[in-house]
Amino acid sequence: MNLRLAVFDVAAARQLPPAARRRLLQLAGFGVEPAGLTVRLAQGVAVLAAALGGLGLVMWIAANWESLGRLGRFALLQGVVVAMGLGAWWRPAARPALGLLALLGIGALFAYFGQTYQSGADPWQFFAVWAALGLPLALGVRSDVVWAPWALVAMTGVSLWTHANAGDVRWWRQGDIDTTPVYLAAWGMSILLVLALGPVWRRKTGAGPWALRTSVTLAVVAITFSALIGLFASRVEPLYGLGVLVVGAAALLLSLRGHFDIFALSAVALALDTLLVCGLARWLFQAFRHDEIALLLVTGLAAAGLLAVSVQWVMRVARAHSAAGSAA
């Protein structure tokens with residue numbers, strides 16, 4: 001899209017006639033099928049079919065719950081996992097789609113196991129086991145098609161573990177219950193997951209940009225939400241300041257050339273803006289309690305200005321890395 005806009009700008013600046021404009025568009029490659037579209041379209045359809053097939057398997061078992069015996073359900077789910085795993089090993093071209101179907105089959109198998117044998121385990125343990133058993137599969141497939149949903153499963157386990165250990169904490173009760181160690185442990189697990197799916201370990205894991213973006217987005221949401229809990233407690237908890245520092249450090253790290261990703265950097269910048277604006281709003285409404293309309297106006301203006309600065313900074317970093325890559 002940037003190339004198309006640049007071509008149109010050149011055509012308008014040079015005041016090219018229609019014939020020259022068409023020739024310029026032809027030289028730019030517009031109007032022809034993009035390279036690799038046929039292959040990518042087939043891969044996308046295969047991935048969509050695998051996702052729908054995995055979900056359809058779960059729904060089909062639920063619809064035929066009474067007609068299938070316990071042994072039949074286990075055999076069907078285990079057979080799907082084994083068959084998809086062998087298929088992924090045998091057919092490398094279909095490996096991402098079959099790997100995704102196998103990952104969904106593992107989740108369905110353990111969900112049925114938990115439904116059949118009421119072990120009393122916490123929900124986070126189900127997702128932890130699912131992520132642990134799906135890890136060799138993701139390492140073998142080496143595709144974002146498996147890594148991105150695996151990151152979702154792992155981060156869901158971290159979130160449920162946090163809820164199980166922090167309890168039902170309300171903002172106005174935060175000062176009475178010390179949950180900071182629990183949240184810091186959850187932050188640590190989230191950050192380790194992001195680093196594992198990042199560019200440093202990419203040669204070993206095979207994870208691509210969408211796995212990183214998924215993990216960064218989920219980690220940023222978890223850290224921001226828990227930091228806001230510390231901000232809106234009866235008194236401001238250290239969790240808020242630590243959240244600002246962690247998100248700010250993540251923004252600086254993602255702005256470096258070796259770790260740059262515009263999607264991840266934008267998500268982190270938005271989280272940092274949210275934390276700073278909410279902190280400003282709390283301070284304003286505590287220091288000046290008489291004119292709420294004016295305080296809302298000041299908060300809105302500060303949020304708009306901070307967002308504009310963040311967008312400019314992200315775009316400047318993106319252009320700098322793009323120029324450095326072109327020069328290299």
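- Atom CG in L270 sits 11.5 Å away from atom CG in L265 (nearest 0.5 Å).
- Of the inter-residue distances, the one linking W147 atom CH2 with L100 atom CG reads 14.0 Å to the nearest 0.5 angstrom.
- Considering only heavy atoms from C-beta on, V220 stays 4.5 Å or farther from V247 through its side chain.
- Criterion: ILVMFWY side-chain heavy atoms under 4.5 Å apart, direct or through other members. Under it, L272 and L280 are not part of a common hydrophobic cluster.
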Residues W124, H163; criterion side-chain contact (heavy atoms from CB on, under 4.5 Å); working and verdict: CA-CA 9 Å; W124 70 266; H163 178 74; over 6 Å; no
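- The cationic atom of R316 (NZ for Lys, CZ for Arg) does not lie both less than 6.0 Å from the six-membered ring centre of W313 and within 45° of the ring axis.
- Listed here is the closest heavy atom pair of A227 and L275: CB-CD2, 3.8 Å.
- Among all heavy-atom pairs drawn from P96 and V141, the shortest one is CA-CG1, 3.8 Å.
- Grouping the Ile, Leu, Val, Met, Phe, Trp and Tyr side chains by contacts below 4.5 angstrom, directly or via other members, places V246 apart from L253.
- Checked by atom type and distance alone, the side chain of N165 never pairs as donor or acceptor with a backbone atom of V182 at under 3.5 Å.
- The closest donor-acceptor contact from the side chain of R213 to the backbone of F263 lies at 3.5 Å or more, if one exists at all.
- A distance of 10.5 Å separates CG of L137 from CZ of R95, quoted to the nearest 0.5 Å.
- Here the side chains of V158 and F127 are not in contact, with every heavy-atom distance at 4.5 Å or above.
- L228 is listed as a side-chain neighbour of C278, based on a closest heavy-atom distance under 4.5 Å.
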Criterion side-chain contact (heavy atoms from CB on, under 4.5 Å) on Q125 and W161, from CA distance to verdict: CA-CA 8 Å; Q125 295 177 341; W161 177 87; over 6 Å; no
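- When atom types are taken as modelled, the side chain of D144 and the backbone of A207 share no donor-acceptor pair closer than 3.5 angstrom.
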side-chain contact (heavy atoms from CB on, under 4.5 Å) between H259 and V200, worked out: CA-CA 8 Å; H259 302 273; V200 176; 3.6 Å; yes
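- Taking all atoms of both residues into account, the shortest heavy-atom contact from K204 to R142 is O-NH1, 2.9 Å.
- Each of V221 and I229 belongs to its own hydrophobic cluster when Ile, Leu, Val, Met, Phe, Trp and Tyr are linked at side-chain heavy-atom distances under 4.5 angstrom.
- Transitive grouping of hydrophobic side chains (ILVMFWY, heavy atoms separated by less than 4.5 Å) keeps L284 and V244 in distinct clusters.
- Taking all atoms of both residues into account, the shortest heavy-atom contact from A154 to L193 is CB-CD2, 4.0 Å.
- Contact check for S190 versus L218: no side-chain heavy atoms found under the 4.5 Å cut-off.
- Atom-to-atom distance recorded for T162:OG1 and L184:CG is 10.5 Å, nearest 0.5 angstrom.
- In terms of modelled atom types and a separation under 3.5 Å, the side chain of R257 and the main chain of A320 share no donor-acceptor contact.
- Using a 4.5 Å cut-off between side-chain heavy atoms of Ile, Leu, Val, Met, Phe, Trp and Tyr, with links allowed through other members, W210 and V153 fall into different hydrophobic clusters.
- Nearest heavy-atom pair, L212 versus P199, reported as atom, atom and distance to 0.1 Å: CD2-CD, 4.4 Å.
- Atoms CG and CD1, on L239 and I223 in that order, are 10.0 Å from each other to the nearest 0.5 Å.
- A side chain to side chain donor-acceptor pair (under 3.5 Å) check over residues 214-229, counting only residues at least two apart or in different chains, returns the pairs W187-S226.
- For D261 against A264, the heavy-atom pair with the smallest separation is OD1-N, 3.0 Å.
- Two residues are said to be in side-chain contact when any heavy atoms from C-beta on lie closer than 4.5 Å; I262 and L254 fail this criterion.
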Test log, rule side-chain contact (heavy atoms from CB on, under 4.5 Å), inputs F110 and W130: CA-CA 7 Å; F110 275 89; W130 185 3; 5.7 Å; no
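- Taking OH of Y183 as the reference point, atom OG1 of T180 lies at 9.0 Å (rounded to 0.5 Å).
- Paired with S310 under the rule side chain to side chain contact (heavy atoms under 4.5 Å, CB included), one option of D273, L276, V268 passes, and it is D273.
- The backbone N or O of A138 sits nowhere less than 3.5 Å from a side-chain atom of W150 that would complete a donor-acceptor pair.
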